[in-house]
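Some notes on the structure that comes next.
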Amino acid sequence: WEPILKATFPLDAEAVRMIALPVLNRVVAIPFASDGSRLKVAITNPQGVRGLDELRLATRLSVEFYVTAKSDVLTELRRLSRQAEAMNASIADEIAGVEDEEDVDDLEADDGISDAPLVRLVNSIILQAAEDGASDVHFEPQEEALVVRFRVDGVLAEVQRIPRRMAPGVTTRLKVLAKLDIAERRKPQD
């Protein structure tokens, strides 16, 4: 077994999608690279034969295993779970046909665990930023989407794109969290 180096993170997004997240959480493993015929998977327990077999069966590619620290894998799995939750919230919003004028009562929930999809989306972005050690979080409105960027170690990297129609709700939620006037849209606020 070769130890996987910390430098291999961030992961290859295509490789990560090749095995379902519930399987990865159960086995505590994470795919980090693929060349089209082989899938490289970081594992934490090389003696867990059942888990290794489950990973082999979960993909059609041949699998190469690399041993790494459990904390690194768990950190990446938590980040992926938050991203999946955020995407599910966006999709649920789209399916439900939530209008841009989201119910303000839902957006003003201060409990931090509200079920409103936009609240969960913003909360998951903030939690991801904290766990990634981001010093800044940028929400940048673009023509087609609201782009979310994190500054980590001085580097600004895009982490997510939120559909443009959800931008007013996300902005309102951020204003509520910052205790800003949600009705003021023309003047900058601190």
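The basis for the numbers below is simple: all heavy atoms, side chains too, and nothing from hydrogens, waters or symmetry mates.
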* To do: Enter the distance from Asn123:CG to Leu177:CG here, rounded to the nearest 0.5 Å.
  => 6.5 Å

* Apply side chain to side chain contact (heavy atoms under 4.5 Å, CB included) to the pair Phe139 and Val147, showing each step before the final yes or no. => CA-CA 6 Å; Phe139 290 84; Val147 177; over 6 Å; no

* To do: Group every Ile, Leu, Val, Met, Phe, Trp and Tyr by side-chain heavy-atom contacts under 4.5 Å, then state whether Tyr66 and Val23 land in the same group.
  => yes

* Applying side chain to side chain contact (heavy atoms under 4.5 Å, CB included), run through Arg173 and Val119 and close with a yes or a no. => CA-CA 7 Å; Arg173 178 61 183 161; Val119 172; 3.8 Å; yes

* Asked: Taking the side chain as C-beta and beyond, is there a heavy-atom pair between Leu74 and Arg78 under 4.5 Å?
  -> yes

* Structure fact -> CG (Leu52) and CG (Leu57) are apart, to the nearest 0.5 Å, by 11.0 Å

* Over all heavy atoms of both residues, which pair between Arg165 and Pro168 is shortest? Give the atoms and the distance, please. => O-CD, 3.7 Å

* Structure fact -> Output for pair (Leu121 CG, Met166 CE), nearest 0.5 Å, gives 5.0 Å

* To do: Please report the shortest heavy-atom distance between Val67 and Pro46, naming the atom on each side.
  => CG2-CG, 3.9 Å

* Grab the two heavy atoms, one from Gly36 and one from Leu61, that are nearest each other, plus how far apart they are. => O-CD2, 3.2 Å

* Ile125, Leu156: one ILVMFWY side-chain cluster at the under-4.5 Å cut-off? -> no

* Report the C-alpha separation of Val41 and Phe32 in whole Å, then their side-chain angles, then the decisive distance to 0.1 Å, and conclude whether the side chain to side chain contact (heavy atoms under 4.5 Å, CB included) test is met. => CA-CA 6 Å; Val41 179; Phe32 63 92; 5.7 Å; no

* Asked: Salt bridge between Arg164 and Glu144, side-chain N to carboxylate O under 4.0 Å?
  -> no

* **Residues Val28, Lys70; criterion side chain to side chain contact (heavy atoms under 4.5 Å, CB included); working and verdict** => CA-CA 8 Å; Val28 189; Lys70 189 172 187 174; 4.2 Å; yes

* **Shared hydrophobic cluster for Ile19 and Phe65 (ILVMFWY, side-chain gaps under 4.5 Å)** => yes

* Asked: Would you call Asp53 and Arg56 a salt bridge, using N to O less than 4.0 angstrom?
  -> yes

* Asked: If you round to the nearest 0.5 Å, how far is CG of Leu55 from CZ of Arg50?
  -> 13.5 Å

* **Min side-chain heavy-atom separation Lys175-Arg185 under 4.5 Å** => yes

* Atom pair OG1 (Thr171) and CG (Leu180), whose distance is rounded to the nearest 0.5 Å -> 11.0 Å

* Asked: Is Leu127 reachable from Val122 through a run of I, L, V, M, F, W or Y residues, each pair having side-chain heavy atoms under 4.5 Å apart?
  -> no

* Main-chain N/O of Lys187 paired with Glu184 side-chain donor or acceptor, under 3.5 Å -> yes

* **Closest contact, heavy atoms only, Val159 versus Phe150** => CG1-CD1, 3.6 Å

* What heavy-atom pair brings Ile43 and Ala29 nearest, and what distance separates the two atoms? -> CG2-CB, 3.9 Å

* **Of Val49, Val27, Leu24, the residue whose pairing with Glu54 passes side-chain contact (heavy atoms from CB on, under 4.5 Å)** => Val27

* **Spacing of Leu77 atom CG and Leu21 atom CG [to the nearest 0.5 Å]** => 6.5 Å

* To do: Tell me, yes or no, whether the heavy-atom count around Asp181 atom CG, taken from other residues, nucleotides or ligands under 6.0 Å, exceeds 12.
  => yes

* Structure fact -> Note: Glu14 and Met18 closest approach over all heavy atoms is O-CG, 3.4 Å

* Asked: Do the side chains of Leu39 and Leu80 join up, straight or via other hydrophobic residues, at under 4.5 Å, putting them in one cluster?
  -> yes

